[in-house]
There are 2 protein chains.
Amino acid sequence: MSEETFTGKITIRDVAVRAGVALSSVSRVMSGHPDVSLAMRARVEEAVSTLGYEPDLIAQSLRSGSTRIIGFIIRDISNPLYALVARACEQELQRHGYSMILMNSDANIETESKNFQIMRRRRVDGVIASLVDEGDPSVKKSLISLNAAIVLLDREVKGIHTSAVLTNHYQGVYEATKHLIDAGHTKIGFVTGDENVYTTRNRMRGFKQAFGDIGKEIDESFLALGGFDAEYAFVHTHNLMTSQPRPTALMTGGISSTWGALRALKEIGLKVGEDLAFVALDEWPLFDIFSPEISCVYRDARTIGAESAHMMLQILKSGVQKKLIIETKFTARFSSGGGL
Amino acid sequence: MSEETFTGKITIRDVAVRAGVALSSVSRVMSGHPDVSLAMRARVEEAVSTLGYEPDLIAQSLRSGSTRIIGFIIRDISNPLYALVARACEQELQRHGYSMILMNSDANIETESKNFQIMRRRRVDGVIASLVDEGDPSVKKSLISLNAAIVLLDREVKGIHTSAVLTNHYQGVYEATKHLIDAGHTKIGFVTGDENVYTTRNRMRGFKQAFGDIGKEIDESFLALGGFDAEYAFVHTHNLMTSQPRPTALMTGGISSTWGALRALKEIGLKVGEDLAFVALDEWPLFDIFSPEISCVYRDARTIGAESAHMMLQILKSGVQKKLIIETKFTARFSSGGGL
DNA sequence: CAAAATTCCAGAATCGGTTCCATTATGAGT
DNA sequence: ACTCATAATGGAACCGATTCTGGAATTTTG
């Protein structure tokens, strides 16, 4: 009685002593090994429940080589889209007995590299990541030396075969651009991150295709593909919209970019849906209370999160790697009118 | 050469062999123990760098008893305020060699309880948590049996002394309410979560105080304190604003509540700042591009995150527990006008 | 009823480190 | 030169589990 009250940490040893059996027998009972008699099972279970024994996951990890931890590396969890992905992913992992270690790379390739190193040293079973820059030479090394399962989020690394959840931005952006072109726009600004990631390249494909359809080239001077952060979008939206000639329509890729751009437009005094046509790529849950309503290309973040977890679990269980494409959908609202 | 290329995992043993010294010596060099000669240090370091040895954190954890992992349990990471807290916290922990395991309790007391159990079994060094319900009997047990450092976010648990980062909601809500009362409002609706958490109780104190100042009691029928989720806020805002008599002003506590309430108002067709005065408790980063602009009570999420990490590190280092109060600030904008 | 097969369990090795202890080599003190 | 303190090192125990091996007890078989 008094022992149970005061003992700091109950180990398998304590259980073995209490039940009067060997360590190995306790282990067998706990893991459901067949070589266990009914009497043995009963004795051990009695001891386990009265002592309140809970196996130590650290010790199990060391011995088994599996930590049941999945790393999750993204640019910034405070981006609502990533937050939704992370949440859905974590729930799904939790359900299968895995925990998630979260790290923000902060759009910094060195931070990301360190994150991978820590994941490696922590011996995580896998990493789900949205890389800062697919092309950086350090990335390939990080992924290989990680020595764990990998699922990429909207990324492709040349020369390495990994599972990935990709988004069909192409379709949504194509439709959005076509929508603008059909309305009469040809001077369309585009503010988003660098082409060193799949996301931007895939979006640009859709953008170019829509122009190609009418036999036109895009005007490079209306492009600002330098960063996903709000600050970059703010500055370049400001520049674009105060230059001559200025775009009559604007697309922004990523929620932070959209935020930065909308701030710039507000400061300049341009009203979306009136003074210019505006389309956001990636929708954010609270967009629906915006006024005027924002036209956007939607993708389901929850599905992305849940599917990335599934793919991870599948690799861990059966080694099967695959790519999954998530569809996007353009919805025209008030903001993509006007501007002409 | 060929060994280095093919070997799967390099252990301290490999290093010891390569350097021709004992395991314990390698360990001493790695940990910076003083009992190491210059020659020894050089030999070991040579071996370490040519083999690319990295100590295994699992093994270190098992032996040392410290995992250098901090658990982070919140209702929902997709709440932007929590996301900002988590991000700042993670950065600060990372900087000091700690990693963060993230878990969403999903506003569910049982999920939260399981989360604590897993944290315990993973032997995390500490947990930073925003509890679902301070009063639930299981919570106290969870916290005690966790056997780790604890920092609570905006929570107080009776009978347990823990560190905590608290917010002075009182002041901000008091000012906001006074602002509405001064404008002539007496029928003020309040939609937020349950009083089983410090956050709501502290907010209600400010709310009541402002009424007390003018010798009035609050009207309980305008209160809806049942949940922080958007759905609850949507339903109860709808109810409140379509009943007779209806409030002329509305306050919502928490970003999800604000979202749900704004959706309901939009659906009903009531314009904030005109048809009713509106104040949001908790501001989120993208508020600034809203139109009309929302009056709100602000608290700095980044500071909360960074400070919670600091407090955690301090407990771990020196065992010092303390409470910290974060101030709030009410800013009147367009939305809190009108309604009369 | 003896031999063979089965069932069940204890003991030891192992995962990859850290740390205590004993031992040897070195230098200082007288 | 001899003792004593000090510095540096190797060896072994240990953290808390899992799993392999071998043997005892029990059951099946000829």
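Chain letters run A, B, ... following the sequence lines, proteins first, then strands; residues in each count from 1. FYI, side chains are in, hydrogens and waters are out, and symmetry mates aren't considered; it's all heavy atoms of this structure.
Between D:dT9 and B:S37, a contact under 4.0 Å exists linking OP1 or OP2 to a side-chain N or O. Here B:R123 does not reach the OP1 or OP2 of D:dC15: none of its side-chain N or O atoms lies under 4.0 Å away. Phosphate contact (OP1/OP2 of C:dA10, side-chain N/O of A:S25, threshold under 4.0 Å): present. Residue B:Q60 places at least one side-chain N or O closer than 4.0 Å to OP1 or OP2 of C:dT18.
Here B:D56 lies in heavy-atom contact (under 4.0 Å) with sugar-phosphate atoms only. A:M40 comes within 4.0 angstrom of sugar-phosphate atoms only, judged by non-hydrogen atoms across all strands, and of no base. Residue B:V21 is classed as a sugar-phosphate contact, given heavy-atom separations below 4.0 Å to backbone atoms only. Counting non-hydrogen atoms under 4.0 angstrom, A:S27 reaches a base of the nucleic acid. A:T11 comes within contact range of the sugar-phosphate backbone alone, with a heavy-atom separation under 4.0 Å but no base atom that close.
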Is there a salt bridge (Lys or Arg N to Asp or Glu O under 4.0 Å) between A:R75 and A:D229 once you walk through the steps? CA-CA 10 Å; A:R75 199 188 319 263; A:D229 54 300; over 6 Å; no
Could you walk me through whether A:E92 and A:R95 satisfy the salt bridge (Lys or Arg N to Asp or Glu O under 4.0 Å) test, starting with their C-alpha distance in whole Å, then the side-chain angles of each, then the deciding distance to 0.1 Å, before giving a yes or no? CA-CA 5 Å; A:E92 208 53 30; A:R95 202 197 309 285; 3.1 Å; yes
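A:L146 approaches A:R120 most closely through the heavy-atom pair CD1-N, 3.9 Å.
Salt-bridge formation is detected for the pair A:D106/B:R87: a Lys NZ or Arg NE/NH1/NH2 atom is positioned less than 4.0 Å from an Asp or Glu carboxylate oxygen.
Put simply, NZ on B:K9 is 19 Å from P on C:dT14, counting in whole angstrom units. At whole-Å resolution of the value, CG in B:D35 and P in C:dT26 are 17 Å apart. Atom pair A:M30:CE and D:dT19:P shows a separation of 13 Å (rounding to whole Å applied). Here D:dG10 presents its P atom at 12 Å from CD1 of B:I12, a figure rounded to the nearest Å. Atom P of nucleotide D:dG16 and atom OH of A:Y53 are separated by 10 Å, given to the nearest angstrom. Across the protein-nucleic acid pair, A:I58 atom CD1 and C:dG16 atom P stand 15 Å apart, rounded to whole Å. Rounded to whole Å, atom P of D:dT18 lies 12 Å from atom CG of A:L62. B:N147 has its CG atom 12 Å from the P atom of D:dG16, to the nearest Å.
Nearest-nucleotide assignment on DNA chain D puts the 5′-proximal partner with A:R13, out of A:R13 and A:R28.
Both tests hold for B:R68 against B:Y98: distance to the six-membered ring centre under 6.0 Å, angle to the ring axis within 45°.
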